[in-house]
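Heads up: the structure comes next, in structure tokens.
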Amino acid sequence: MNAGNLIAICFLSRDVAHREHLKTDSYAAHKALQEFYEGIIPLADSLAETCQGRHGIIKDIPYLAPEGKMDAISQLESQLKALESRRYADLDKADSPLQNIVDEIVKLYLDTLYMLRRFK
């Protein structure tokens, strides 16, 4: 079990979304990214604390760097893909409380991607 990887992806996404929020010319993107970066940290915190309640303290949350010079949509798509590909490797598939939090994280990514794509 290594929820630290999933939490690291969330932290990276927060940083990317906040930076993109500050430089976008689109009001819709500005607001969508703000909702994302304000929403992802409480979800990451919930995942960490629930996981620690089940498995003990998470000793390692890696520092991640964004992938090159991609736009906000590409960055979030890449991070969502990483999150979804790791979730069952890093958390027991049958641990529904933890998987439900990951579902909420995935939902936030998808909602944000919809807003960014639809209201450019």
Side-chain angles (χ1 to χ4, degrees):
M1 191 284 314
N2 189 0
N5 292 323
L6 302 175
I7 295 159
I9 293 168
C10 293
F11 287 177
L12 171 62
S13 295
R14 194 228 66 89
D15 288 348
V16 167
H18 202 163
R19 291 172 193 275
E20 292 295 319
H21 156 86
L22 293 172
K23 70 181 184 180
T24 185
D25 294 330
S26 164
Y27 181 73
H30 182 80
K31 295 309 285 181
L33 291 165
Q34 179 179 2
E35 288 180 23
F36 181 86
Y37 74 72
E38 288 177 348
I40 195 68
I41 294 304
L43 289 169
D45 198 56
S46 178
L47 179 62
E49 290 175 354
T50 302
C51 189
Q52 291 180 143
R54 172 88 70 209
H55 300 288
I57 298 301
I58 298 169
K59 302 276 187 200
D60 184 34
I61 300 174
Y63 288 93
L64 303 178
E67 296 179 37
K69 299 240 180 225
M70 294 190 290
D71 62 25
I73 291 173
S74 298
Q75 285 282 355
L76 290 178
E77 286 173 340
S78 176
Q79 293 153 10
L80 173 60
K81 183 178 178 181
L83 184 78
E84 289 184 308
S85 71
R86 295 212 53 94
R87 73 182 292 174
Y88 299 122
D90 291 342
L91 300 173
D92 184 350
K93 189 174 187 175
D95 194 339
S96 60
L98 294 173
Q99 291 298 338
N100 285 337
I101 298 167
V102 176
D103 287 340
E104 288 298 312
I105 292 169
V106 168
K107 178 188 180 307
L108 180 61
Y109 276 88
L110 294 174
D111 289 348
T112 304
L113 287 167
Y114 162 73
M115 296 297 285
L116 292 173
R117 291 179 188 131
R118 176 75 170 94
F119 302 107
K120 290 184 177 188

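Bear in mind that the values here come from a model prediction, so they are computed numbers and not experimental data.
- The salt bridge (Lys or Arg N to Asp or Glu O under 4.0 Å) contacts involving residues 45-54 comprise Arg54-Asp95, where partners must be two or more places apart or lie in separate chains.
- Checked against side-chain hydrogen bond (donor to acceptor under 3.5 Å, both in side chains), Ser78 has the following partners two or more places apart in sequence or in another chain: Glu67.
- Evaluation of the salt bridge (Lys or Arg N to Asp or Glu O under 4.0 Å) test over residues 23-34, restricted to residues two or more places apart or in two chains, returns Glu20-Lys23.
- Counting only heavy atoms from C-beta outward, the side chains of Asp92 and Leu98 never approach each other to under 4.5 Å.
- Taking the side-chain hydrogen bond (donor to acceptor under 3.5 Å, both in side chains) definition, one finds that Arg87 meets it with Gln99, Asp103, sequence neighbours left out.
- A salt bridge (Lys or Arg N to Asp or Glu O under 4.0 Å) check over residues 110-119, counting only residues at least two apart or in different chains, returns the pairs Glu77-Arg117, Lys107-Asp111.
- Listed by chain and number, the residues in a side-chain hydrogen bond (donor to acceptor under 3.5 Å, both in side chains) with Ser26 amount to none (sequence neighbours excluded).
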Please tabulate, for side-chain N and O atoms in residues 8-18, each donor-acceptor pair with protein atoms closer than 3.5 Å (sequence neighbours left out).
residue: Ser13; atom: OG; partner: Ile9; partner atom: O; Å: 3.0
residue: Ser13; atom: OG; partner: Gln79; partner atom: OE1; Å: 2.5
residue: Ser13; atom: OG; partner: Tyr109; partner atom: OH; Å: 2.4
residue: Arg14; atom: NH1; partner: His18; partner atom: ND1; Å: 2.7

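- With hydrogens and angles disregarded, a donor-acceptor distance shorter than 3.5 Å links the side chain of Ser85 to the backbone of Ala82.
- Here the OG-CG distance, from Ser96 to Leu91, works out to 12.0 Å after rounding to the nearest 0.5 Å.
- The aromatic rings of Tyr37 and His21 lie perpendicular to each other, with more than 60° between the two planes, well past the 30° mark.
- Residue Met70 is not grouped with residue Ile40 when hydrophobic side chains (ILVMFWY) are merged at heavy-atom distances under 4.5 angstrom, including chains of intermediate members.
- The side-chain contact (heavy atoms from CB on, under 4.5 Å) search around Glu38 returns Gln34, not counting sequence neighbours.
- In this view, Glu35 satisfies the side-chain hydrogen bond (donor to acceptor under 3.5 Å, both in side chains) rule with no residue, not counting sequence neighbours.
- Here the straight-line distance linking atom CG of Leu47 with atom CD1 of Ile105 works out to 5.0 Å at 0.5 Å rounding.
- Other residues sharing a hydrophobic cluster with Tyr88 under the 4.5 Å side-chain heavy-atom criterion for ILVMFWY residues do not exist; the residue is a singleton.
- In this structure, the side chains of Thr112 and Leu108 come closer than 4.5 Å at one or more pairs of heavy atoms.
- Here the shortest heavy-atom pairing between Arg86 and Asn5 reads NH2-ND2, 2.9 Å.
- Listed here is the closest heavy atom pair of Ala44 and Ile7: O-CG1, 4.2 Å.
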Walk me through it: do Asn2 and Asp60 pass the test side chain to side chain contact (heavy atoms under 4.5 Å, CB included)?
-> CA-CA 8 Å; Asn2 189 0; Asp60 184 34; 5.6 Å; no

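- Using a 4.5 Å cut-off between side-chain heavy atoms of Ile, Leu, Val, Met, Phe, Trp and Tyr, Tyr114 falls into a hydrophobic cluster with Met115, Phe119.
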Chi angles and distances behind the side chain to side chain contact (heavy atoms under 4.5 Å, CB included) call for Leu116, Phe36 | CA-CA 11 Å; Leu116 292 173; Phe36 181 86; over 6 Å; no

